[in-house]
Structures are given as C-alpha cells and as structure tokens.
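Take a look at the structure below.
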Amino acid sequence: MGRAVVVLAVNGVRHEAADVHPSMTLLEFLRTKTPVRGPKLGCGEGGCGACVVLISKYDPATDEVTEFSASSCLTLLGTLNHCSVTTSEGIGNTRDGYHPVQQRLAGFHASQCGFCTPGVCMSIFSALLKADKHAAAPAPPRAGFSSLTCAEAEHAVSGNLCRCTGYRPILDACKSFAADVDLEDLGLNSFWNKGPNDRADVAKLPEYSAGSVCTFPDFLKAEIRSHDAKLLPEYSAGWYHPKSIQELHGLFAANWFDETAVKIVASNTGAGVYKEQDLYEKYIDITGIPELLVIDSSSKGVEIGAAVSISKVIEVFSSHGTPVFRKIAAHLGKVASPFVRNTATIGGNLIMAQRLRFASDVATLLLAAAATVTIHTASKMLPLTMEEFLQQPPCDAKTILLSISVPDWGSESVIFETYRAAPRPFGNAVSYVNSAFLARTSGDAALGDLLIEEFSIVFGAYGGVAIRARKVEDFLKGKSVTAHVVLEAVKLLKDVIRPSQDTTHPEYRVSLAVGFLFRFMSSLGKDLIEPREAITRNGITNGTAESSTEVANDNSPIRSRQELVFSEDYKPVGKPITKAGGELQASGEAVYVDDIPAPKDCLYGAFIYGTHPHANIEGVNFKSSLAAQKVITVITAKDIPVGGKNIGTSYPMLGDEALFGDPVSEFAGQSIGIVIAETQKYAYMAAKQAVIEYNTENLEPPILTIEDAIQHNSYFRIPPDLAPNQVGDFDKGMSEADHNLSGEVKLESQYYFYMETNTALAIPDEDNCITVYSSTQTPEITQNVIAELLGLPYHNVRVITRRVGGGFGGKAQKGCPVACACALAAFKLRRPVRMYLDRKTDMIMAGGRHPMKVEYSVGFKSDGTLTALHMDLRIDAGISPDVSPMLPLFIMGALKKYNWGALSFDLKLCKTNVSSRSAMRGPGEVQGSFIAEAIIEHIASVLATDTNAIRRKNLHDIESLTKFYGEAAGDAATYSLVEMFDKLATSPEYQSRAADVERFNSGSKWKKRGISCVPITFTVTLRPTPGKVSILNDGSIVVEVGGVELGQGLYTKVKQMAAFGLGKLDADGVLLEKVRVIQADSLSLVQGGFTGGSTTSETSCEAVRVSCAILVERLKPIKESMEANNSSGASVTWSALIAQATMASANLTAHAYWTPDPAFVKYLNYGAGVSEVEIDVLTGATTILRSDLLYDCGQSLNPAVDLGQVEGAFVQGVGFFTNEEYASNADGLVINDGTWTYKIPTVDTIPKQLNVELINSARDKKRVLSSKSSGEPPLVMAASVHCAMREAIRAARTEFSVESPMTFQMDVPATMADVKKLCGLDVVERHLQNLVHNAA
C-alpha cells in the first residue's frame, strides 16, 4: 500500500503524519508529534473545552475557507488530510506577539491556573472569526470592535469549563470585543481604573483587527489544487475513505471487515459518550459520501444528510423561516457545546439514540415534527418514519443512516413547543427529560373553545428511546383544554412514562414529563395557570437581576460590580497587577508537567484499580485484545525494592496509605498495579483490558457508609491536640432555654475537578537518584514518600513543580500516589516513566470532600437567643486517616461563628471501605458553616420569624468571640463581621429586595424566589515557610519559595513583595519587571511544606520580605558609599549598584525560614454573602439572580488576585451546594466519573449579577502587611445560595399546601431533582385537582 501519510498544516507549518496508529486523535498528534502544547487533555470527552482548536478546510472549487472550533481530543487525525489546524500558539505567542484575545484574557484577570485558558482563547477567537465572517454589515458598527454581540459572547464559552475564576472575568474579556457592549459595564481590568479620570475606552484595549490571523496557508491551498491531491486515497494510514454508498458496502463485504476491529466514523464525538474499550485496527470515514452531505430545502420541507453537522443543521433550520424549524434550531443550540456541535453529526446523534439508547434531544424534536429517515442496508434503501426507525431493533454496523427529512408545517394553526430539563441551560448537559409538542388546533384559546385536531406528544431522555405518548394524544384529540381534561391526560401520561431500571431519579423524571405536558397545555387552555401567572417572559429589569415581577430568563445578560480599595503604602504591593504569566498561559506556552517534552525512551503508565470494596487479590490477567498487546509490563507491590515499603501517601503524625492493594484490595478504586506501555493512550487502553481475580474468603463485609461504620464501631482516633474544645455548660444552657428541638443534616462529597488531572514524570539518574516532575501541592511530602517507597535517603529524590493546573487540595495527598507510581516504575525499568491520569481514573481515586451526617439538639429562648447546642457529628474519612483528623477543628471553627451559649459535641471519624477523603478547598469549614445555617433556619421556622433576625441576634460581640475562639479572635478593632452583616442584611436595599421577593411570590405560582444573607467566620492558621532571593550579576532577581503556583496568584504576590522589599535600593522603580519566581524544587529549597490552607501566599511573601531585608542590609553600605563618592548627586541606579556589589564580592543571595509568632499563629477571616434565587417549581431548576459578597481581606496584597479568589471560590461553592453529585454505586465505586455525569458550574449557572466588595479592615501589624487570606473563606459564602433556595422552596410548599411547608430537611447538594421533590412531585396534580374542585 505504500507509506501511509496524512498531510496537514499546524499553525501554518506543514506536517506529515506518517505510520501513526489509525486511532490517533488530533490532540495526541499535536502534543506528541509537534511542538504544540496549548491544547490540553482535560476530559477526553469533549466536555470541558481544554483541547479546543480551530480547524479550517479549503474548497478549491469555490476558493473558500471554512473554519470551525472543535475538540481535538475527539477529532481523529485520519479525518484531517489537507486541513489546517490553528492552536492558541498559532494566533499569538511570545516571539511573534500576543493576540488581543490573549492580552485581554490576561488584562481582565481571566486566567488563574491557566490550564483551561488556551481552550477558552480558541473558543473566543473562533466566535470572533464566525461573527466577523458572517456579519450582515461589511464592518462592525464601532471601530475596534468585532461583529460579535454580548449574547453571542456569553454563549461562545458556554462549553468551556473553568474551576478557578468563576467565569465572570472570562465573560468580560470576551464581551470586550462585542459590538453592543458598554465598556463601563465590564469588571476590573488592567486597561483602565473605572474612575472619573480614567474612563473606559476601546482605544485603551489591545487593538483588534478582523482577519489578522491566517487560518489556511497558501502552500496547502496550492497542494490541494494540484492534481495529485484532489482525491484522498482509498486507504491511508489505517483509514478507508469511500466516495459512494457502493464503495462503502464493498468495504463491508471485504473479508477483513469485523465490526469489533473496524470503526465507522463521521466526527467521532460519540467516543466522548461511549468510551472505546479496545483499539481499532481500521477506520472507515463516511464523510466523503455525497448522499450523507445533502442539504435540500424546499417548500415541502428540508432534507439533511446524516453526516451534516448539528451546527450546520441549526443554520439551515434557522434560515428556513417557519416556526417549527426555528424552534428546533433554537433547541438544538442547547445540545452539547459549540465546539462539539461544529463536528457532531445529526445522523450520529440519531444512531446513538437508536442503537445505544442515548438520551438524545435531536430524536425527540424530529419525532415530534414527523420527520422521516432513509437508511441503507446491504440490500436496499429504506424510508422509515422517525418512530419506525427508533422502535426497530438496534441497527447493526452495516446499516447506514443516509438522510433525515423534516416536513414544513407552515404557521397556520400549528403550535410547536420544546422543553428540556438539564443542569445547564445553555447545553453541555444531557437532559433529565426532554419533550416536544406539535398541535394543530382550531377555535380560540382565549374564549375557551380551542380544540386539538392533530397532536404529537414526544418525550425522551428518561431511559430508552424517545416515544410518542399516543394514549395521551388520542385522549386529547377533539377535546377542549380544561383542567379536568388535562388532569386525565396527566394520569394517562404517568402510565406511559416509565424510566428504565438503571435511570437515576425515576420519580423526578416522571414529574418532569407531567410538568412539560401541563406547561404546554396551559398555553392552549383558559385559566389553567390562573391569570396572575401570565407573566411576560422577559429579561430582568434593566439587566440588573434584581427582584421584580418578571420571570428570570436564561439568556439574561450577566452583570457584575466590584468595589476595591487599592493601597499605596507598600508599592507595588497592594496594586492590582495582572497575574504573572497570564499571557503565557493564554497562548498555551506555559509549561505544565505534561507539557515537558518526553525524554528519550520514555514509557507511560496507567493504574489498574480494583472494583471490589474488600477482597483478596488472586491475580491480574488481560483480555485477548489489541490493546492488551500493547502491555510492556505491569508494576505491582512485588516490584518495590528491598528496604522500601508499600506507601503511596503520608501525612506527618497522622498516618500512611498504601500505594497498592496488596494482598487485599480495601476499597473500590484502589490501585492494584500499573500498566506500562509505549504511549499514554496505549497505557489507558491496556489498563481497561485487565481482569482482576477476587476472593472474599475470611474477610469481613465492607463498611461503605457512615451508618455501617457506626454499627461496626469503625473509627479513626482523633489526636488530643487536634480535638476541638467544648464551650460552656451544655446542661445549664439547655435548662435556660424556652424551646429545644432536634434535627439532622447530611452533606455529600464533592470532587475537586481541577482541569489538569494528577500527573507526574519520573526520570532515573545516576547513583540511584531520581528526579520527579509532579503536579503537586506538596513537593516536600512527595519527595519523602517516594524515598520511603524506594528505600532511598531523601537526598536521592528530587521533586520539581513549576506550576499546577488547579489543585484545591486534590493535589496534596492525592497527587502523591501518581508521583510514587511513576518513580517506582522508572526506578525498576531504568527508563523515564510518565503518567497522566485519565479523568475517569482520577475521579474514581480522588476521594474528594468529606461526607458528613449531623444530628443536633439546640436550645433557644423565645426571642431567638441561643442557649446551647449539642451535635453528634459523623465524618466519612474513607480507608485511611489522610488529613481527616484535622477536620473536627475546622468544622467547629466555622460553626462557632454564632454564640451558641454552650457548645458540646461527640465527634467520630468513620473508617470506611472507600477511597480516603482528603482536604478540599475550605475543608470542614464549608460544612461547619452550613450546619450552623441549617440549625438557625430550623429555629427561625419554628419561631415563624425572619431568619436574618435570628442570625443577627446571635452574632458574637468581642467578649463571646474571645470565649469561643481564644487568641485567634484578635483585637476588637479587627472584628468586622457585625458591621459587614448589617451592611448587607439590614440595609434598606435588602429590605426592599426582600419585599420584592415576597411580592413576586404572591403573584407567581410556578416560579418562586428566595433571598438569604449568610455570615462567615473562617479560622486561618499560619505556618513556617522558606523563601530565598538571589540577585544575578545583571541585576535580575530570582526568587524561590516553598509554595507552589496553583493559580492562586502566589508568584504574582511574591514578585510584588520582592520588588517592595528591595525597593529601598531601587531609584529607578524597575524592580518588578526584573523579578522571576522559579519552580519549587525539594532539593533547592528544603522545608517547603505544603501549599494549602489559604496562607501560603502571605507567609511566602513574608519569607521573601525578610530575605530582601537581609539583602538591603548588605547592599545599603555599598549604595551609601557610591552616593558619597558621586559628586554629581545623581541617584545610584540599580544596575550600577549590583555591578559594584558584584565587584565587592557581596553575597547576593539571602534565605529566610519565616516562622509565625507563637502568640499569633491564628487569625479570623470574615465575610457575608447575600444571594437571591428563582426556582422553577415544575422542573426544580434554580437560577441565581444575584449574589452580593462582602469580604474582609485586610490590606490586600493584590486586589485583582484576591477578587479572583473570592469569585472563583464562591462559584466552586455554588457547585457543592447545588449540582455536583459525586455519586457511587453499591460497592462504593464512583459512577459520576466524567463530564457527562458530573456537572460543575458553567457560565450559564453562575449568578446573573455578581457583586463583590473587598473590605480593607483595620490594620494589624501582626499580619503580613495587614493582609488576610482569600483562597478558601469565600467558598463558604456560597451557602447563601442554598439558604435562598430553601426560602424559595418554602414559598412553593406553602403555595401548594405541602405537608410541613416551613420545616424540612434539605441536604447538600440540593440538585434539580431534590428541589423538585421538596416543592412536591405532584404539584401539577394538586393544582389541577383544585381547579376541578373549584369548578364543580
């Protein structure tokens, strides 16, 4: 066959992909065969956007280039012959200059860890390209802007996940290009200060010019136009490219065709849903078959080829003009994300629905619109109705869907509506239930004589294929729409909709179907919802997201306001300078561990993990498969060197955890071994082939829940020095109470969802030494554990960490096993070994936040004054202690924000057979603070009084604060919580908004609102930290700190502190640009400790300041001598000073190990948050209308960094309290293990208005330049969203007379299903029954 070659251009450079495996994706090719590193592997499912690139195709017949964004992790290289690929490096970089998109992302402080930023960059760039290319006008309306609109800007990044920023700055950066933007509405940036003397002006932004980037090079156009390149070869690099149906069936008839080894593809996006379990030998690309690409629009309707992309279908249907097509197009815009829709085909979606029961919106819409399909089997072409197609047995691999035809229903007397309930309004989330209704009617709904003559009612996504509810259709035909008729239809529908056995939330899904039917029928009937519900579906008044009588709209613009105070006292400390390396991150040039070029002879590893919660491991075998042939070896506990021990994590004084389950696997998800292969993909696939033999003989049954642990008395010991102290006399407090009550609170786990999964690269060195590049928050601990594992002295192990793509605690203890695994394999094989966990494995092994169960008894007086609280707190720690013994202190520290009078508790750390839980941003504090709020709300409901009044009454004064917190309470002047709470909760604005909420609820039956204000108190503990500052001969400055840059702005603040610390010697004011903070290196700067607890930035800054002070003392005499000998009186320049110091052999390096004052090891952070939400009683969907955050960060070291921490932490907390379900199966194995099932917040789920004010509280010399931490405490304020949801649910329960409307248990997270259940799964039936009863 000759040499197999795929030719493509990458950032304008020609590449030939020769002799690569046919399964290679574009992402794998870019990252292993080219210098490109911008696109990242975030999920491998098309669900996160980290890998987004721009793909361009050239049509020589029309001389036109078509560009679109795509997920490179799903796009197969074999489909890209003679395509051009543009990555973030290709639009701008260090050498050629940055693109305005990259500059604005950096300037709007929209990059923190930076791992997602290149993908965000390309999504924005693609949206700009599309808008400018398809603009109706030849040029945008204002110079310097694009043709993009603000609404399009928000949708442009709807598929991009970011765990750090909270999205607001990303949206601002994107909207800065929009033609209709008001620049004054944009948030904090480095281009203007939004003051009277520095107005927003497009001229101050990096200039944008459409068409400045060449997306398709001329050389490739010429190559395509040449005769030899006009046709793809029939076979190339394991790929077949048939040009007709006949050729395709010829391939099917070939003796080598085996559907288990051959894959038929158009876009391959389905691989993001249904993961490949083995390698394929050959691929058949069907996108060259003309019948699959047809687009035929006529007065009869539209015919679409099955290989046409969903984005193209949206474009065609939108232009067709009639209501049915426009509605379908609008709904399809909520399917997947822009970069997936651009390549995913409509036929592929339908085939997955038909063959694999995929929860398709497309199938539901087309079934309702009476679409037909044409399929081709081996013998004939067969036209089918959509219903026939979906109901027939699953198609085999040789059955090809050719086209879909949708009739034109016109607009006369036809009503077509579609609905979907999903965790994300803009898409990028599969529906719980979707539906579509098409009705042809006669009569007048307003007069009550409307008749349904023709009806199509379709439901899908509840398990199984989409179906028509024919019993309901037949019942409703010919009938007027009355409450009685609809009630009977609902009863019939509940018998039709039967979720499959393995479907989650089955009762909720049935209720959704009922709600959708009711919602549609109410638009046809009279008085079904009652006149007061006829509220205009409009945007929020003036775009402010404040309470009004208008219902929230998912497309309402996102607004924000920031109020910050910039300090001039310690310049450049206190200035909101942009994050160090922000543009580098946006261009994709910032190097993360997996971006380090693979060393010679590098091997790759993947974990084999157990799926049984407690079993003896009898052996590991491999299936007979193509992927299994890629196994080079398997590393197990037997390969641990003599003198080493089976250890994967350790925390000083708390305990260890094994690297391997040997000989017993103690939890589902525990590592059993490591597969080693020649590529990372081969390692992933080979690990899937492992078959573990288990034996449970002589083993106790696993303990999987808190209840199991209690029953079996399975607990870890809490060391006395970590046990919190009880406060006061509980019995006395209860005797003083007028009332007492008991209750229960449950909080589930949360996954970290850092964008970069855990990764490491281990390189063996001489003399039994090893260097490990690890994405870790704890280089020192990682070094120590690797040494213990290998039986080496610590100085033989070097751990280096330059930057981490998000951590949140998940790369502290949980990053260690990956580094250990790499080190063990490299040490054993004497070759470099790299591991980059796939998202599923990372999620299964991560453990996450601690689940908890709390039972409480609380006493209080009739006026709401608390007198005593007792809690029985049970914490699920998992299989090993990890850092769990610290949790009780953190929990109680946050709970003590109120004066409980007396506080007693019984705390237990439950040992269970699940992956050990570990620290996650705000560990214990977020749970403790929420538990306090749940108790306060319970009290308020019993007393039937305002919850905020109870909160305010029980906030501490300085005396009780000191009683509960001891020395951490500090001076009275630093206690700012009461003032902050009053500013929010007792302000006239809040009172007005609360009244508006009440007024809205009285006038709205199916949407309810709630508003709540939550105070927080967060205990911060300072730790010893090293710092080293070195001045080089040219005057440039190198700084090392023990902390790791995770995206929290550590290096940025350290740079500022170094410039400040040496500023006394700098007459030029140039030091900030001369400072470089370098990677953490466990052998260069020892005693680095760990990065976490929110204080690493401030303590590292203090260590650097002390180091600088040492250097100033050394250099000051030299400077004074130079000034004395300088007759001109001119200031001594920095460069001259350093040159002289070098000549004088001055020591230009200073090292400090800063330790906190024993009398000031802890201090308190304060904040308060108000959130207002709107819930949809029919679906359980929650819209956060507005959140106002007030946070005391002391004298901020960098307000821009701290603002980003506040917003990002808050939004991460919103995820914890709402949609993030970290669910496991009956064996404790995580099953919500990817972007398809685990939903972190996105741009469409953050508050519609997010206002943040940073309070510069009283100065305190004991703190680092009077600063305070900002990384974790703001997350706790997200409880205000949960509390507001509770208020809205109370209003709904009262409206529909649900039992116990005011008092109910609302656990965490409160998902859509939970909200709906608490509002009442039968509210539609209740409502209709009341209408029927009243009409009788």
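Just so it is clear, the structure is predicted and the values come from calculations on it, not from any experiment.
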>> Could you go through Phe339 and Thr75, starting from their C-alpha distance and side-chain angles, then the distance that decides it, and tell me whether this counts as side-chain contact (heavy atoms from CB on, under 4.5 Å)?
In response: CA-CA 11 Å; Phe339 47 81; Thr75 303; over 6 Å; no
Tell me whether the rings of [X] and [Y] are parallel (<30°), tilted (30 to 60°) or perpendicular (>60°).
X      : Y      : answer
His15  : Phe29  : perpendicular
Trp239 : Tyr283 : parallel
Phe516 : Tyr419 : parallel

>> Would you say that more than 12 heavy atoms from the other residues, nucleotides or ligands in this model lie under 6.0 Å from the NZ of Lys221, or not?
In response: yes
> So does Lys312 have more than 12 non-hydrogen atoms from other groups sitting under 6.0 Å from NZ?
Replying inline: no
Over all atoms of both residues, closest heavy-atom pair of [X] and [Y]:
X      : Y      : result
Asn268 : Lys263 : OD1-NZ, 2.9 Å
Asp408 : Ser299 : CB-O, 3.5 Å
Phe437 : Phe459 : CZ-CZ, 3.8 Å
Leu220 : Cys83  : CD2-O, 3.4 Å
Ala127 : Leu148 : O-CD1, 3.7 Å
Ala131 : Glu152 : CB-OE1, 4.4 Å

Side-chain touch [X]/[Y], heavy atoms, less than 4.5 angstrom:
X      : Y      : answer
Trp409 : Thr322 : no
Pro22  : Tyr280 : no
Phe389 : Ile404 : no
Arg357 : Val465 : yes
Ile55  : Leu26  : yes
Val273 : Val430 : no
Arg440 : Glu412 : no
Cys162 : Asn160 : no

>> Show, in sequence, the C-alpha distance, side-chain angles and deciding distance for Val157 and Ile124, and conclude whether the side-chain contact (heavy atoms from CB on, under 4.5 Å) test is met.
In response: CA-CA 7 Å; Val157 292; Ile124 297 174; 3.8 Å; yes
Is a side-chain N or O of [X] found less than 3.5 angstrom from the main chain of [Y], in a donor-acceptor match?
X       : Y       : result
Lys1239 : Asn428  : yes
Gln354  : Gln392  : yes
Ser176  : Ala173  : yes
Asn81   : Val6    : no
Arg424  : Val1243 : no
Glu247  : Lys243  : yes
Gln102  : Ser88   : yes
Asp132  : Ser146  : no
Asp296  : Glu303  : no
Asp285  : His241  : no

> So, for Phe317 and His320, is the gap between ring centers shorter than 6.0 Å?
Replying inline: no
> So, for Phe416 and Phe520, is the gap between ring centers shorter than 6.0 Å?
Replying inline: no
[X] [atom1] to [Y] [atom2] distance, which is reported to the nearest 0.5 Å:
X      : Y      : atom1 : atom2 : result
Ser123 : Leu128 : OG    : CG    : 11.0 Å
Glu28  : Cys51  : CD    : SG    : 13.0 Å
Glu387 : Leu367 : CD    : CG    : 6.0 Å
Met386 : Leu366 : CE    : CG    : 4.5 Å
Leu27  : Leu77  : CG    : CG    : 11.5 Å

> Could Arg14 and Phe219 be counted as a cation-pi pair, given that NZ or CZ must be under 6.0 Å from the ring centre and within 45° of the axis?
Replying inline: no
>> Before you tell me yes or no, could you show the steps for Lys133 and Glu67 under salt bridge (Lys or Arg N to Asp or Glu O under 4.0 Å), namely the whole-Å CA-CA distance, both residues' side-chain angles and the distance that decides it to 0.1 Å?
In response: CA-CA 10 Å; Lys133 198 167 187 177; Glu67 301 105 342; 2.7 Å; yes
>> I'd like to know whether Lys334 forms a salt bridge (Lys or Arg N to Asp or Glu O under 4.0 Å) with Asp361, so could you lay out the CA-CA distance, the side-chain angles of the two residues, the decisive distance to 0.1 Å, and finally the verdict.
In response: CA-CA 9 Å; Lys334 298 177 180 179; Asp361 283 59; over 6 Å; no
>> Pair Asn11, Thr87 - check side chain to side chain donor-acceptor pair (under 3.5 Å), show working.
In response: CA-CA 7 Å; Asn11 297 330; Thr87 73; 3.0 Å; yes
>> For a side-chain contact (heavy atoms from CB on, under 4.5 Å) check, start with the C-alpha distance between Val316 and Val313, then their side-chain angles and the critical distance, and finish with the verdict.
In response: CA-CA 5 Å; Val316 172; Val313 172; 5.7 Å; no
>> Run Phe68 and Lys57 through side-chain contact (heavy atoms from CB on, under 4.5 Å) and show every step you take.
In response: CA-CA 9 Å; Phe68 53 90; Lys57 296 186 176 183; 4.0 Å; yes
>> Is there a salt bridge (Lys or Arg N to Asp or Glu O under 4.0 Å) between Glu45 and Lys275? Walk through the geometry before answering.
In response: CA-CA 8 Å; Glu45 300 175 329; Lys275 312 298 188 301; 2.9 Å; yes
>> Using side chain to side chain donor-acceptor pair (under 3.5 Å), reason through Ser158 and Asp1244 one step at a time and then give a plain yes or no.
In response: CA-CA 7 Å; Ser158 60; Asp1244 47 349; over 6 Å; no
> Yes or no on side chain to side chain donor-acceptor pair (under 3.5 Å) for Tyr58 and Asp63, after CA distance, side-chain angles and deciding distance?
Replying inline: CA-CA 7 Å; Tyr58 175 64; Asp63 195 31; 2.5 Å; yes
> Would Ser311 and Asn342 satisfy side chain to side chain donor-acceptor pair (under 3.5 Å), going step by step from the backbone distance to the final call?
Replying inline: CA-CA 5 Å; Ser311 288; Asn342 289 339; 2.7 Å; yes
